[in-house]
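Just below is one structure, and these are the notes that go with it.
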Number of protein chains: 2
Amino acid sequence: MVTLKDIGLRVNRSVTTVSRALSGCSDVSPDTIQLVQETAKQMGYVPNTLAQRLQKKSADTIGIIAPVSSMGYAESFFCELLAGIGEEASLQGIDLLVAYAKEENEMAIYKKLVTGGRVDGFILSRTLRDDPRVNYLSSVQFPFAAFGMVENHHDFPYVEEDGEYAMAQLVDHLVGRGHTRIACICPPLSVMFSAVRLRGVKKRLAELGLELDPSLVREGSFDQKDGYDQTNILLDLPNPPTAIIGFNDIIAFGVINAAKERGLKIGRDLAVTGFDDIPMASLYRPPLTTVNQPIHEIGSMVTRLLLQSIQEKHPKNHHTNSSLEKSQILLRPNLIIRAST
Amino acid sequence: MVTLKDIGLRVNRSVTTVSRALSGCSDVSPDTIQLVQETAKQMGYVPNTLAQRLQKKSADTIGIIAPVSSMGYAESFFCELLAGIGEEASLQGIDLLVAYAKEENEMAIYKKLVTGGRVDGFILSRTLRDDPRVNYLSSVQFPFAAFGMVENHHDFPYVEEDGEYAMAQLVDHLVGRGHTRIACICPPLSVMFSAVRLRGVKKRLAELGLELDPSLVREGSFDQKDGYDQTNILLDLPNPPTAIIGFNDIIAFGVINAAKERGLKIGRDLAVTGFDDIPMASLYRPPLTTVNQPIHEIGSMVTRLLLQSIQEKHPKNHHTNSSLEKSQILLRPNLIIRAST
DNA sequence: CTGAAAGCGCTAACAC
DNA sequence: GTGTTAGCGCTTTCAG
């Protein structure tokens, strides 16, 4: 490993000078700069990141913690989000630390990373209505940005898709096709987006003079198996729904399977919709009507918000701080109509 | 941030003593240990990881670099592998650094992380027959472990599923059902597993006195779209196959879709198989015959191999090095027979 | 323009 | 048992 000292020895300059020469600007003679930079390259010098970081007390790293049941995260959704985050981070020269935590020690991991100075901030995803992560990080004033808002804090950077708006679109579409008995299969309602979407459905139905039959709301989990099981329960009802909204695409796939097995023709006998528009949504049979979320791009956006918020905490270059650009972004998702409705 | 110095000041001991007291063992008086540890906890001391790492010249971090086209990695497959890796790493107190690289600068990122001392080793996945990453890391003697072997190096730790064996099973199964015209839809044959699997098919067919018709081998990409397109080509052949082996599950889904659209009944008119047994394989319609790979567990195994290899490089505790346990693991995958054949 | 000195927080060799 | 000294590789005053 080549160090500043090594270079200094070689060109007969102090470590200090070498350091400055490499960082370019400062007042160093052009000759020295030239000499040092060439020697450095030639010797294959690469700065020791750890040392730099220790010095400037910054980890240049952001963290994201995934629950160990990766299943929990609707698979390809999380993958894609992660990719968006990682890409943006590497664009800005920031490392991405991914940790996997069992539910029990999730908070412990956050604390460890925070106090150990291992990361400069966190990305949160799938927020809860009352989210312990948000509560904790806010209380210690540690930077974070989230995909999704929460109910009891409103002053942190986040990206949110407008779930109510999306559901209004979806309901309009279904009602327009003559459906009045619309069912919802939701992940736990303690999850923010789940609650928001359900509220959206109710609200829009009310506006149209319809009511959401409570027996048509099934609260479950995030996966396909659940979509399948809940659908069977719904279709066994004395007065079953004619349309089912799966609160994510994976759930909707389960709905489709269950309905098909009962000999129903999707799109004719039963309308099915999802949410997210993961790649497979358009490839499933029948292709799924759903709400598009630009997941990858959302990952990048959240990351940008986070990095911005971190910078504001250490205002190096006092550029007009009024450029506090909007740090809460609300996206208008697009309805994608396919054959399943 | 509480430092050793702070604690030292408080209990009237030197930084050194505090350090030793916290690490437990060394020769420190029980009283001091007690006192220091309590004070530390009470003050909320957490060691500064960066400083520790700079000192012992170890990043306590392993890296994995994913291609930016996360699509490239058959989605849920990569997610699950990552989860396995992350879990094992955090079990051992090691951080996981995930980077996303565009193909062009992939190697540059490896080099930067290596020389910058940012990671102690890498996990590679989806190896190529002649893999630049393996070539580079071997040449600089940097620790790594891979999921998958390569052709020109044989002395690094890896986990490999026995692709030939798996394909033999699959071929036996198909031939047992009376199929003789078996097609293969493969990812690029520069990818190690793709080449191995194809070889496996050929070999087994030969052993059974059959031949793999070259026109039934379609080399494409990794995704569902490709499975779909290639299937249409195959089925348009004058003498089409009666069975199609998708070299991963996602490809197989594409095959199923294409065949269904042509009114073929999967399992009767056309047999379809995949490879991997991702969660959706059992949930697709019809459920997919495939080869199970314990992806999550493989992630953990590779990680263990890597960590072991890193330790061997810095032999702290010279435990019988003869315990150089097997560091090349060959897995026997299981054939999972479902309705698609 | 350049160098000496200090320090980031921690560990380790070497005294006492 | 405990403290002193040094040093990991780097950046940043502060003097020349």
Side-chain angles (χ1 to χ4, degrees), chain A residues 1-37 39-40 43-61 93 112-118 120 314 316-317, chain B residues 1-37 39-40 43-61 93 112-118 120 314 316-317:
Chain A
M1 162 175 272
V2 187
T3 73
L4 289 188
K5 199 163 132 195
D6 299 334
I7 303 183
L9 248 42
R10 197 86 118 60
V11 301
N12 251 325
R13 289 284 185 299
S14 75
V15 174
T16 318
T17 304
V18 175
S19 169
R20 280 188 294 225
L22 285 173
S23 63
C25 34
S26 302
D27 17 302
V28 188
S29 88
D31 299 6
T32 311
I33 293 197
Q34 168 91 6
L35 178 61
V36 168
Q37 296 207 344
T39 318
M43 296 178 72
Y45 169 77
V46 179
N48 180 311
T49 331
L50 257 34
Q52 285 181 319
R53 291 176 180 176
L54 173 60
Q55 213 290 139
K56 67 177 160 141
K57 288 168 150 310
S58 139
D60 281 353
T61 301
K112 204 173 77 184
L113 292 179
V114 167
T115 48
R118 237 174 337 207
D120 299 325
H314 313 286
K316 286 211 160 180
N317 8 355
Chain B
M1 164 174 272
V2 187
T3 72
L4 289 188
K5 200 163 133 196
D6 298 334
I7 303 182
L9 248 44
R10 196 87 117 60
V11 302
N12 252 323
R13 289 285 187 299
S14 77
V15 174
T16 317
T17 304
V18 174
S19 169
R20 278 188 295 224
L22 285 173
S23 63
C25 34
S26 301
D27 18 302
V28 188
S29 88
D31 299 6
T32 310
I33 294 197
Q34 168 92 3
L35 178 61
V36 168
Q37 296 208 344
T39 318
M43 296 178 72
Y45 168 76
V46 179
N48 180 312
T49 330
L50 258 33
Q52 286 180 318
R53 290 175 180 177
L54 173 60
Q55 211 291 139
K56 67 179 161 137
K57 289 167 149 312
S58 140
D60 282 353
T61 302
K112 205 174 77 184
L113 292 179
V114 167
T115 47
R118 224 148 21 180
D120 300 324
H314 311 287
K316 287 210 159 177
N317 8 354

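Chain letters run A, B, ... following the sequence lines, proteins first and then strands; every chain starts at 1.
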Nearest 0.5 Å, please: how far is CD in A:Gln52 from OG in A:Ser19?
8.5 Å
Would you compute the distance between atom OG1 of B:Thr61 and atom CZ of B:Arg118 and round it to the nearest 0.5 angstrom?
10.0 Å
Go through the structure and list residues passing side chain to side chain contact (heavy atoms under 4.5 Å, CB included) with B:Gln37, not counting sequence neighbours.
B:Leu22, B:Ile33
Side-chain heavy atoms of A:Asp60 within contact of A:Thr49, under 4.5 Å
no
Are A:Val28 and A:Thr17 close enough that some pair of their side-chain heavy atoms sits under 4.5 Å apart?
yes
Give the C-alpha distance, both sets of side-chain angles, the deciding distance and a yes or no for side-chain contact (heavy atoms from CB on, under 4.5 Å) between A:Asn48 and A:Met1.
CA-CA 9 Å; A:Asn48 180 311; A:Met1 162 175 272; 3.7 Å; yes
Classify B:Pro30 by what it touches in the nucleic acid, base, sugar-phosphate, or nothing, heavy-atom distance under 4.0 Å.
nothing
Under 4.0 Å, heavy atoms only, any strand: does B:Asp6 hit a base, just the sugar-phosphate, or nothing?
nothing
Roughly how many Å is it from [atom1] in [X] to [atom2] in [N], rounded to a whole number?
X: A:Gln52; N: C:dG9; atom1: CD; atom2: P; result: 17 Å
X: B:Arg13; N: D:dG1; atom1: CZ; atom2: C1'; result: 9 Å
X: A:Met43; N: D:dG9; atom1: CE; atom2: P; result: 13 Å

Distances for protein N/O vs nucleotides 4-8 of chain D N/O pairs under 3.5 angstrom?
residue: D:dT4; atom: O4; partner: B:Thr16; partner atom: OG1; Å: 3.1
residue: D:dC8; atom: O3'; partner: B:Lys57; partner atom: NZ; Å: 3.2

Between D:dT11, C:dC10, D:dG1, spot the one nearest the side chain of B:Leu4, thanks.
C:dC10
Does B:Ala59 offer a backbone N or O that forms a donor-acceptor pair with the side chain of B:Arg53 under 3.5 Å?
yes
Under 4.0 Å from OP1 or OP2 of C:dT2: is there any side-chain N or O of A:Thr32 that close?
yes
A:Ser23 side chain N/O closer than 4.0 Å to the phosphate oxygens (OP1, OP2) of D:dT11?
no
Quantified as the angle between the terminal helix axes (five pairs each), what is the overall bend of the helix from C:dC1-D:dG16 to C:dC16-D:dG1 to 10 degrees?
50°
Let me know which of A:Val11, A:Val18, A:Asp6, A:Val2 forms a side chain to side chain contact (heavy atoms under 4.5 Å, CB included) with A:Thr39.
A:Val11
